[in-house]
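What follows is one structure encoded as structure tokens, with my remarks underneath.
Chain A is the first sequence line, chain B the second, and so forth, proteins listed ahead of strands; every chain is numbered from 1.
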Amino acid sequence: MKQSLKELVCLALEEAKTQGHLTLDPPPEVVIEEPKDETMGDFATTVAMSLAKSEKKNPRKIAESLLDSLKSRPELVAEVEIAGPGFINFRLARGFMRQQFMDAVNQGERFGRSEVGKRTRVLLEFVSANPTGPLHVGHGRGAAVGDCLSRLMDWAGFDVSKEYYINDVGNQMNNLGRSTQLRYQQELGRKVTFPDDLYQGDYINDIARTVIEKDGDRHLNSDDEDSLGFFRKITSDTILDGIKNDLKQFRVEYDQWFSEQTLHESNKVEGAIAWLRDKGHVYDKDGATWLKSSAFKDEKDRVVVKQGGEKTYFCADIAYHQQKIERGYDVILDLWGADHHGYVARMEAVLEALEHGDGGFQVLLIQFVSLKRGGEKVQMSTRSGKFVTLADVVNEVGVDATRFFFLMRSSDSHLDFDLELAKSETQENPVYYIQYAHARICSLFRTAEENGMPPCDANSVNLGRLDQEEDFSLIKKCLLFPELIGKSALSREVHRISYFLQELVAQFHRYYSVHRVVSEDQELTQARLLLLELVRSVIANGLKIMGVSAPEKM
RNA sequence: GCGCCCAUAGCUCAGCUGGAUAGAGCGACGGUUUGCGGAACCGUAGGUCAGAGGUUCGAGUCCUCUUGGGCGCACCA
């Protein structure tokens with residue numbers, strides 16, 4: 001819709017140039033926007049104002065020189081006028097809008113899809129929480145955003161793969177195994193001290209008890225080291241299963257689960273360092289091995305192999321990202337918690353050293369969630385193990401509301417998550433506002449059918465009966481959906497979907513209160529039902545991208 | 001000390017590449033239904049866009065500084 005207008009404007013500019021009215025040096029960027037006030041028209045362009053400087057002409061004069069060509073397509077644009085300092089306002093031809101409307105209706109559940117992503121191959125890594133405990137609310141936000149972003153980008157024509165990186169290597173794994181081992185011994189009555197730096201959470205005790213149920217005290221007397229290996233494995237396996245299950249309950253599915261351990265086992269880590277050393281990006285100093293990351297944008301060099309010969313976490317991460325490149329992804333997209341922002345520069349340095357093209361690596365930081373209950377802050381502390389888990393929140397408020405709340409705010413803003421609000425099935429909850437609209441439209445279809453007006457073939461509907469201002473503004477809103485999806489995908493901003501849906505739904509409810517849909521007038525009823533079918537599919541498609549259900553009844 | 005993010009209505013937040021009179025939800029106050037779902041709709045009140053400079057036809061949006069908050073600055077993962 002906007003595209004057709006843009007082409008028209010470009011054509012008009014060219015014509016003005018050949019006629020000598022404009023020089024178009026440098027060529028302007030044509031922006032089509034929606035006026036704040038609908039009485040000013042359907043769309044507007046600011047191109048005359050942005051040209052004023054380079055053309056050294058009054059913007060209104062420039063607009064006037066374009067006017068004739070802009071009026072040359074009455075089947076597309078019904079009215080053109082110059083307003084204010086030099087805005088050019090357009091009123092679209094109603095026939096054109098009806099035609100666009102039919103296209104959209106015919107696309108149905110695919111309406112909103114586009115190819116702006118040009119099938120670019122994207123690897124989206126998100127959550128990747130260490131398997132040392134259950135997922136908490138912060139991870140939940142990452143999960144919701146990552147999952148939604150993957151679908152959003154898929155709709156916009158990207159080829160997206162979702163991946164979870166499992167940090168199943170290192171000292172933390174020993175601590176984890178040790179924690180369960182000690183709890184196991186305690187449960188069986190042995191007096192042992194439990195150090196503060198081990199994992200304190202109740203889930204460790206649960207695992208210890210499970211081991212007792214299965215194996216009794218068999219691990220009590222076996223060699224400490226062997227036994228530690230056993231506890232390490234059973235603990236991390238159990239926790240990882242729990243994480244997978246939590247994510248599944250939250251409707252988040254991955255394409256790949258990538259284990260850090262496999263990198264070490266296949267010597268990819270050494271390989272990566274050797275590769276970088278070959279390129280001169282790695283050197284030895286003070287008995288350690290360093291990445292010359294300061295040669296790129298990082299503030300200083302970083303250790304990859306410690307003095308004792310042990311590899312750092314960072315070292316494995318280098319190999320991991322080299323793997324991502326080798327697997328042929330054009331865009332490597334990492335979603336991290338905001339507390340990792342200090343890590344961004346060095347990772348960018350790595351990707352540059354690995355010669356992955358400009359713009360091919362992007363980190364999205366997700367800000368913190370503060371949990372509230374009726375305005376009161378809920379305390380969360382990882383150290384004591386007493387944090388609110390994602391599963392707790394989902395159990396309390398449900399998947400739909402939880403996902404929606406995580407997705408309704410810009411990711412780079414802190415999020416206040418009020419449990420009471422999310423749970424409330426009242427007017428103050430935006431999730432239900434949108435779902436209610438969907439259910440209400442479905443109810444209208446049911447009512448029509450009961451009155452002997454089942455849905456008919458879209459092509460036999462008389463669209464001429466859609467002739468009210470409210471019809472067109474509702475149509476226009478729906479037609480903006482594909483552009484919204486494309487833009488949000490390109491800017492990786494998932495929150496814009498929920499805002500769009502709230503606006504659309506508000507417009508629908510208003511429409512509903514002004515215009516009777518199911519009436520004696522069959523022709524009019526069918527026309528309006530078709531309009532609402534488009535509204536319904538936009539709501540359904542939007543919610544689908546968010547991973548929120550669109551109920552037919554509630 | 002250095003760096004990243006944030007600051008818009010009483011509260012929670014939108015505001016896309018700078019554009020017309022700064023918006024929404026909630027809360028407050030007032031109204032709407034004997035016809036399709038009132039989980040809805042309409043109206044009123046509420047703003048020095050943290051502050052100060054600057055860039056320009058035009059700044060909530062870009063630049064600099066200040067203030068206030070969050071987070072990070074490991075041979076941890």
For this session: Look at D521(A) together with R465(A) and state whether they make a salt bridge at an N to O cut-off of under 4.0 Å.
Result: yes
Exercise. In whole angstroms, how far is the P atom of U12(B) from the CZ atom of F404(A)?
Worked result: 18 Å
For this session: Kindly say whether, by distance alone, the side chain of H341(A) makes a donor-acceptor pair under 3.5 Å with the base of G3(B)?
Result: yes
For this session: For the pair K233(A) and D168(A), find out whether any cationic side-chain nitrogen is under 4.0 Å from an anionic carboxylate oxygen.
Result: no
Exercise. Can you find a donor-acceptor N/O pair under 3.5 angstrom joining the side chain of N175(A) to the base of A77(B)?
Worked result: no
Seminar exercise, completed: Dot-bracket assigned to RNA chain B with the 3.5 Å Watson-Crick/G-U criterion, [ ] for crossing and | for other-strand pairs, is (((((((..((((.....[...)))).(((((.......))))).....(((((..]....))))))))))))....
For this session: Identify whether the distance between the nearest side-chain nitrogen and carboxylate oxygen of R496(A) and E483(A) falls below 4.0 Å.
Result: no
Exercise. To the nearest 0.5 Å, how far apart are OG1 in T235(A) and CG in L240(A)?
Worked result: 12.5 Å
Exercise. Distance check: side-chain N/O of S50(A) vs OP1/OP2 of U17(B), anything under 4.0 Å?
Worked result: no
Exercise. Under 5.5 Å between ring centres and under 30° between planes: does that hold for Y313(A) against the base of C76(B)?
Worked result: no
Exercise. Between C76(B) and K306(A), is there an OP1 or OP2 to side-chain N/O distance shorter than 4.0 Å?
Worked result: yes
Exercise. Is NZ or CZ of R346(A) both nearer than 6.0 Å to the six-membered ring centre of Y313(A) and within 45° of the ring axis?
Worked result: no
Exercise. Taking the six-membered ring for Trp, does F87(A) stack with A20(B) (centroid gap under 5.5 Å, planes within less than 30°)?
Worked result: yes
Problem set entry | Aromatic plane relationship, H281(A) with F296(A) - under 30° parallel, 30 to 60° tilted, over 60° perpendicular | perpendicular
For this session: Indicate, with a heavy-atom threshold strictly under 4.0 Å, whether N451(A) touches base, sugar-phosphate, or nothing.
Result: nothing
